[in-house]
Asker: 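Below: one structure in structure tokens.
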2 protein chains.
Amino acid sequence: MKKQEIFSAEAEARMNSRGVKPTAVRLLVFSALHMAARPVSVADLEEALQTVDKSTIFRTLTLFLEHHLIHGIEDGSGSVKYELCHGEWDCSVRDMHLHFFCECCHRTFCFRDMPIPEVELPEGFAMHGVNFVIKGLCPECADK
Amino acid sequence: MKKQEIFSAEAEARMNSRGVKPTAVRLLVFSALHMAARPVSVADLEEALQTVDKSTIFRTLTLFLEHHLIHGIEDGSGSVKYELCHGEWDCSVRDMHLHFFCECCHRTFCFRDMPIPEVELPEGFAMHGVNFVIKGLCPECADK
DNA sequence: TTGATTCTGCAACCAGGTTGCAGCGATTTT
DNA sequence: AAAATCGCTGCAACCTGGTTGCAGAATCAA
């Protein structure tokens, strides 16, 4: 069994466990998300998967979001970025981490090892999600 | 001197001190931002200031942003929200605070007294700004 | 095989954001 | 005061990311 096939099998299992039928296109999208070094936008995926239509990518991402296979990050670039949830069976707030958006090269970095600090909300507010993005310059851009 | 005039004079002084010429329209926009109970979108301002054109509002906000009279919040609603900087002469990261976006009524709340927790970035990353938004249900919507 | 259901691609649409341009008013210069 | 200059504003058009309607293709069940 080749490495690719192993991954594919894992992806399939993951989708099945979340009640998402693993079609060919969905596996492609999942794989592209897995390959990506950083969170990607719909446009990035369109670029990477030239054979797949924008609306299909969009609907696939929506589906993945609903089933907690991925989460979205609003980095302020105007387009939402997506990345696979990496917690094993869950994608809770506690699982979330910090992101960094470079205002120069417009790349978004994941700081996987930097969890979102816990916050105490005022009485009555219920937290469902969280979006914590730092903006500035990445090392490459700061150097110039 | 009426209350309104006093405020107007303050607004003018504020703009002058930041190198922004206080035109009639700009004072209107500034005033609308001041009145608003929470961060507002361009659409909100358009609604509030029916006589002023969308593009003028947009350019005014851009100008205010550049001159640190206001800051923007990406709450994930799709449209950026703006609010006056309330620190006296500055609008630094340290001055920023947490926001809460209600997924039901789509309002954005300011938690003025909850500063953004300090974070230690990896070597080489330079922080210019920060966006920390909690999503969930506000007390009113949670009740239903 | 047939019928029902889901998935996908295409094209069109929508909204927020942005820009080009011309007119207007304020300001400065002569 | 008239002329030249400059910035501010409104209008209309545009762009881009996101979203939807629809019809054909693929999948699944009987």
Asker: If we ignore hydrogens and angles and just use 3.5 Å, is the side chain of B:Asn16 paired with the main-chain N or O of B:Ala13 as donor and acceptor?
Answerer: no

Asker: If you compare every side-chain N and O of A:Thr23 against the phosphate oxygens of C:dT8 (OP1, OP2), does one of them come in below 4.0 Å?
Answerer: yes

Asker: By nearest atom, which of the nucleotides D:dG18, D:dT9, C:dG9 is closest to the A:Lys54 side chain?
Answerer: D:dG18

Asker: Rounded to whole Å, how long is the line connecting atom CG of A:Leu63 with atom C1' of C:dT6?
Answerer: 11 Å

Asker: Report the C-alpha distance between B:His34 and B:Glu83 in whole Å, list the side-chain angles of each, state the deciding distance to 0.1 Å, and finish with yes or no for side chain to side chain donor-acceptor pair (under 3.5 Å).
Answerer: CA-CA 8 Å; B:His34 184 76; B:Glu83 64 181 352; over 6 Å; no

Asker: For the pair B:His106 and B:Phe101, name the ring-plane relationship: parallel under 30°, tilted 30 to 60°, perpendicular over 60°.
Answerer: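 Judged by the thresholds at 30° and 60°, the geometry between B:His106 and B:Phe101 is parallel.
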
Asker: Whole Å only: how far is the CD1 atom of B:Ile57 from the P atom of C:dA15?
Answerer: 18 Å

Asker: Output the single nucleotide from C:dG17, D:dT19, D:dG21 whose closest atom is nearest the side chain of A:Arg59.
Answerer: D:dG21

Asker: When the distance from NZ of A:Lys81 to C1' of D:dG18 is rounded to whole Å, what number comes out?
Answerer: 15 Å

Asker: Roughly how many Å is it from CG in A:Leu45 to C1' in D:dG18, rounded to a whole number?
Answerer: 14 Å

Asker: When all nucleic acid strands are considered with a 4.0 Å heavy-atom cut-off, which category describes A:Thr51: base, sugar-phosphate, or nothing?
Answerer: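 Sugar-phosphate contact only - A:Thr51 comes under 4.0 Å of backbone atoms but never of a base.
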
Asker: Does the side chain of B:Ser41 get closer than 4.0 angstrom to OP1 or OP2 of C:dG16 through an N or O atom?
Answerer: no

Asker: Rounded to whole angstroms, how far apart are CG on A:Leu28 and P on C:dG9?
Answerer: 10 Å

Asker: How long is the line joining NE2 of A:His106 and C1' of D:dG17, in whole Å?
Answerer: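 These atoms are roughly 16 Å apart.
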
Asker: So if I take every side-chain heavy atom of A:Ser55 and compare against C:dC7, D:dT20, C:dG17, which nucleotide ends up nearest?
Answerer: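 Output: D:dT20.
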
Asker: In whole angstroms, how far is the P atom of D:dG18 from the OH atom of A:Tyr82?
Answerer: 6 Å

Asker: Is there a path of hydrophobic side-chain contacts, each under 4.5 Å between heavy atoms of I/L/V/M/F/W/Y residues, joining B:Phe58 to B:Met15?
Answerer: no

Asker: Using ring pair (Phe, Tyr, Trp, His ring centres under 6.0 Å), reason through B:His97 and B:Phe132 one step at a time and then give a plain yes or no.
Answerer: CA-CA 8 Å; B:His97 52 269; B:Phe132 193 174; over 10 Å; no

Asker: Can you tell which of C:dC7, C:dT18, D:dG7 lies closest to the side chain of B:Lys21?
Answerer: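 So the nucleotide nearest the side chain must be D:dG7.
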
Asker: How many Å lie between CD on A:Glu46 and P on D:dT16, as a whole number?
Answerer: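 Taking CD of A:Glu46 and P of D:dT16, I get 12 Å after rounding.
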
Asker: By nearest atom, which of the nucleotides D:dG17, C:dG9, C:dT8 is closest to the A:Ser79 side chain?
Answerer: D:dG17

